[in-house]
Amino acid sequence: MDYKSIGFKAGLEIHQQLDTKKLFCNCPSKMTDSKDYSFHRYLRPTQSELGEVDQAALAESKKHRHFLYTASKNSTCLVEADEEPPHALNNEALDVVLTVASMVNAKPVDEIHVMRKIVIDGSNTSGFQRTALVALDGKIKDVGIETIALEEDAARKLEEKDRVVNYGLDRLGIPLIEIATAADIKTPRHARETAENIGLLLQATGKCKRGLGTIRQDLNISIAEGNRVEIKGIQSLSAIEKVAEKETLRQLDLIEIKKTLKERKVKEKDIEEAPVIDFTSEMKNCKSRIVKNTLTNKGKVFVLKLPGFAGLLKRENSRLGKEFAVYAKVASGIGGIIHSDELPGYGIDEKEVGLIKENIECNKNDGFAIFLEKENVVKEAIRAVKDRAVLALQGVAKEVRRALPDYTTEYMRPLPGAARMYPETDVPPVEVTKKRLEKIGKNLPELPEEKEKRLSETYGLNRDQTKQLIHSGYEKEFEQLAKTFPKQVNTILRTLLNTLPELENEGVNTEGINNALLEEVFFSLNKGLFAKEAVPEIIKYLAQNKGKHVNDAIQEQGLKTMGEKEIREVIRNIINERIDFVKKKGIGAVQPLMGVVMRELRGKADGRLISSILKEEIEKTL
Amino acid sequence: MTEENLREKLLKKTGAETGDSVRIKKDDGRVYEGILMPHHEFSNRDVIVLKLKNGYNIGVKVSEGTEMQVLAKREKTKQKAARTVPYDSKKPTVSVLGTGGTIACYVDYRTGAVYPATTAEDLAFSVPEVFDICNIKAKVVFQLLSEDITVENWQTLAKEIAEEFNKNKVNGVVVPHGTDTMGYTAAALSFMLKNLTGPVVLVGAQRSSDRPSSDAAQNLLDAATVAANSDIGEVVVVMHGEISDSFTTIHRGTKVRKMHTSRRDAFQTINSEPIGIVSDGNIKTTSSYRQKTTGKVKVETEMEKDVAMVYVYPGMQPKDIPSKKGIVLVGTGLGHVSKPLYSKIKKLIENGSTIVMASQCIYGRINMNVYATGRDLLKLGVVPGEDMLPETAYVKLMWVLAHAKNQEEIRRLMLTNIAGEISERTIYND
């Protein structure tokens, strides 16, 4: 795809949890599933500028918002419970943000003011998120950094049931650095690279959390003729590129749809005045289970005509029908809708489809949507579908979407206007002094590129290896070991990058494997006490047997290295057992026999040595 | 430091005012555009606060070379829409008498400053559901942080409340009040108002009403419910019963104390049981109370102001006890002070002062018969304050000194339960 020609533009917003205490209290930034206490609350919309409460918002808040908070005493105090005012801004967290600002050449503000951003979905016990702008106007490679902010993470949603939303308070208040780039990103790949660069920079501070859920990435995307779409919650780097690609295709397709609607001469008025019919009695004998269930629950069947939408609701790159359904769901709580492009289906047959078409006078370009629910719910759902259908006339709708695991996205809410923020009067402003900045400037961490260069020069690593190492966050451990055991660099690297994660995947708890223990392993390896192939097995043994040492592992696992004589003996035996095969294959038997030999000798001798002895012995036989 | 600082100089030079759009150019080349905000009290004196287009406030430090330019004068704030207060003759009428405090403030989103609600109507309208409960008559009696409230304010308030009942025939009165000294005011009103024809309900908030999580709305609604619908003829405090938004507790005005600096359920009934709770708009009383009466509310506001409350501590010197007409000693344990203080106490009593003993334990009753120290103090003429809260004893002593004719009557009244401040029995509770 030629992204330049379609006017692709994107910006990233990266939120990374910092590895310090919480932002406005002294609780550890720790996630825990233990529950010591719980309480429940309501949140009310506050008064507007004119001192009034919006009645609709009030009704909304009464209908939906009831929040149950559960918390552990290990990770929360009265501040998270909104039972104590926030303490002053955490200086350690601020230093991390100022460090990152300095690394991307952003200009810190002279004085930092903490703001309240109103959020009444319950994710903040206070009803607002505290956030502070720390620096502006930086650059990372070819992409501008517009703002760098420090904010508090929200509570973790655990469950939503019967209008009660359950949140865990452990995450609330963990410091987040928020980095927002300018819309300088030119391709999906560029988006991924930029996110990668920012991620490396953040890890370089040594004060960022690692692991799933500690980084969240939002992506803003637009193309020419379109509108800005914000995609929330992309979990991994590789997903950024894929989501951006799929989203671009979706936006292009929406513009195609817009053109088709124009050709079909669909006007806003046609959608607004589209007929709705009550089809409940006609569907009484319908075999569809969804229809039957609706009727048993005293729901009704309504059909809305979608003028000009036939064939546009379910396409390869866009699913307008699903968009309609999600809009309807968000507005009314309706479970879903059925649209004409997926019919016949859901147990609704050709005949019934024909009957519907006839009743709402569909011509070949017209589509329709079926709503199955109580009448008042359907009313709200139809309003929402019409609103979304009208937006289709403009092409891409301005909105916030959520990234899904298959890299597609789903509608979440309309794009908010300028955030309504007002000062957090309980937290004093923080002056960013020259002295503080000088101190930070003197202690800047090594930039990722410098580190890459140094690692590759010092230890002879290739580009992929250095990249992987820096991403893993194990470079400190690596350097310590590599300095002591320069001959084992490759084994050390493999151990840190592959063995440890693999063991974790197997479910082995590797917490006890510290650098001292690793040092012991490589010391013994260096002395030739076992072959490097045995390293994973030894580490596994040490992880599973706390307090034991490398020697124990060698003894108990029978990993002691064999002398050449012993090896030769084992190999001769194997050859003799398969002498016919060896005679037949000649020197070509080396490859197949290597597997058999390794099964016997793995970890007891160096692989290369085994291979050469095997070759020699086969040659001798021939 | 009256000398004009760089910030003030720059503002004066450019004529920029809060709310104006401005551009600031620093001598290092940085340029900021935004709306000029009020100076924050904790900001560096040379810092100008700007609200940027993205909504964030930042501080910009002014130096000699800083340039500023006004881009646009501020927009005039829109007039608040005139409001008609709903009235339904079938509903009871409650008078809301504003006094200030956390419950009654709102935020100015343009400047971000928090202002006190100027009318009690503002408050009623910020919680419009209150009109489902009752009709509201609103009036601001004074606008004070509760720590600034004085004896004169109690007197004014008591008279206003009596008038609301006697002249305006309201069913009840709600007094939004700052929480720090709400217990004192509740106690003072309890002694000043007699023969109440309806409930007097003090209410506050531990989280200001400018935040979505404020407890103000629920507390106010439940206070209005008690004022409108209960048959209580006492001064009570209605506040959150626990940290959840589940129910509020009705506390007797002479038995309630703020027991936590910040929690929603800071207010607790001490040495007694609460009168009841309000849950889902329903009042449930759980212990006995004085019922409202008919006729006229009597108001007796005279107070002797030459009274002190003195906290007793190890190492205290006789000179640390002031010479006053009345003193509440907040003694240790069952009601004790150290021996070196005896002489001063003796002298004060001989000169006609009344000295009442309360306990810094807060929980439990004074008993000065158990230890020699207590017996000594009783002999000196110290009045044992039973299970009264120190604050309540202090307020009561002021009231008694202004109403009793002689020493004997002072002593008798201090030991008599007038407004629920003394309970005969201390019941176990957990």
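Just so we're on the same page: letters track the sequence lines, and every chain starts at 1.
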| query | Do A/Thr131 and B/Tyr56 meet the criterion of a side-chain donor-acceptor pair at a distance under 3.5 Å? | reply |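 Yes, because at least one side-chain N or O of A/Thr131 sits under 3.5 Å from a partner of the opposite role on B/Tyr56.
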| query | Does the side chain of B/Ser43 come under 3.5 Å of the side chain of A/Glu111 through a donor N or O and an acceptor N or O? | reply |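 The criterion, which ignores hydrogens and geometry beyond distance, is satisfied for A/Glu111 and B/Ser43.
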| At a heavy-atom separation under 4.5 Å, does B/Val60 approach chain A through its side chain, its backbone, both, or neither? |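 Both backbone and side chain of B/Val60 come within 4.5 Å of chain A.
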| field | Which portion of B/Arg30 sits near chain A, non-hydrogen atoms under 4.5 angstrom | value |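 Contact with chain A involves the side chain of B/Arg30 alone.
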Any non-hydrogen side-chain atom of [X] less than 4.5 Å from a side-chain atom of [Y]?
X	Y	result
B/Met37	A/His113	no
B/Ser214	A/Arg44	no
B/Leu52	A/Leu136	yes

Determine whether a donor-acceptor pair (N or O, by modelled atom type, separation under 3.5 Å) exists between the side chain of [X] and the backbone of [Y].
X	Y	result
B/Arg264	A/Asp82	yes
B/Asp245	A/Tyr42	yes
B/Ser244	A/Phe39	no
B/Lys51	A/Tyr422	no
B/Arg207	A/Glu83	yes

| task | Rounded to the nearest 0.5 Å, what's the gap from CE on A/Met115 to CG on B/Asn54? Could you check? | result |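 The CE atom of A/Met115 sits 9.0 Å away from the CG atom of B/Asn54.
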| request: Could you tell me the separation between the OH atom of B/Tyr32 and the CG atom of A/Asp137, rounded to the nearest 0.5 Å? | output: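 The OH atom of B/Tyr32 sits 8.5 Å away from the CG atom of A/Asp137.
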| field | Heavy-atom contact with chain B under 4.5 Å, split by part of A/Glu84 | value |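 For A/Glu84, the contact with chain B is made by backbone and side chain together.
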| message | If I measure from the heavy atoms of chain B, does A/Ala149 come under 4.5 Å with its side chain, its backbone, both, or neither? | response |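 Answer is side chain: those atoms of A/Ala149 sit under 4.5 Å from chain B.
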Flag if over 12 foreign heavy atoms under 6.0 Å of [atom1], [X]:
X	atom1	answer
B/Glu147	CD	yes
A/Tyr37	OH	yes
A/Lys35	NZ	no
B/Lys91	NZ	yes

| field | Top contributor to chain A contacts, counting heavy-atom pairs under 4.5 Å, from B/Val49, B/Ile58, B/Asp215 | value |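 That would be B/Ile58.
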| request: Specify which of B/Val47, B/Ile243, B/Thr261 makes the most heavy-atom pairs with chain A at under 4.5 Å. | output: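 Sorted descending by pairs with chain A, the first entry is B/Ile243.
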| task | Over all heavy atoms of both residues, which pair between A/Asp110 and B/Lys26 is shortest? Give the atoms and the distance, please. | result |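 Smallest interatomic distance, heavy atoms only, reads OD2-NZ, 2.7 Å.
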| task | Indicate the atoms forming the closest heavy-atom contact of B/Ser213 with A/Thr125, along with that distance. | result |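 It is CB-O, 3.1 Å.
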| Closest-packed option against chain B by number of heavy-atom pairs under 4.5 Å, given A/Ser126, A/Ala132, A/Ala81 |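 Heavy-atom pairs under 4.5 Å are most numerous for A/Ser126.
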| said: Looking only at heavy atoms and a cut-off of under 4.5 Å, which of A/Leu78, A/Leu68, A/Ile112 has the most pairs with chain B? | reply: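 The answer is A/Leu78.
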| query | Does the distance from a Lys or Arg side-chain N to an Asp or Glu carboxylate O, for A/Lys107 and B/Asp28, drop under 4.0 Å? | reply |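 Salt bridge absent between A/Lys107 and B/Asp28.
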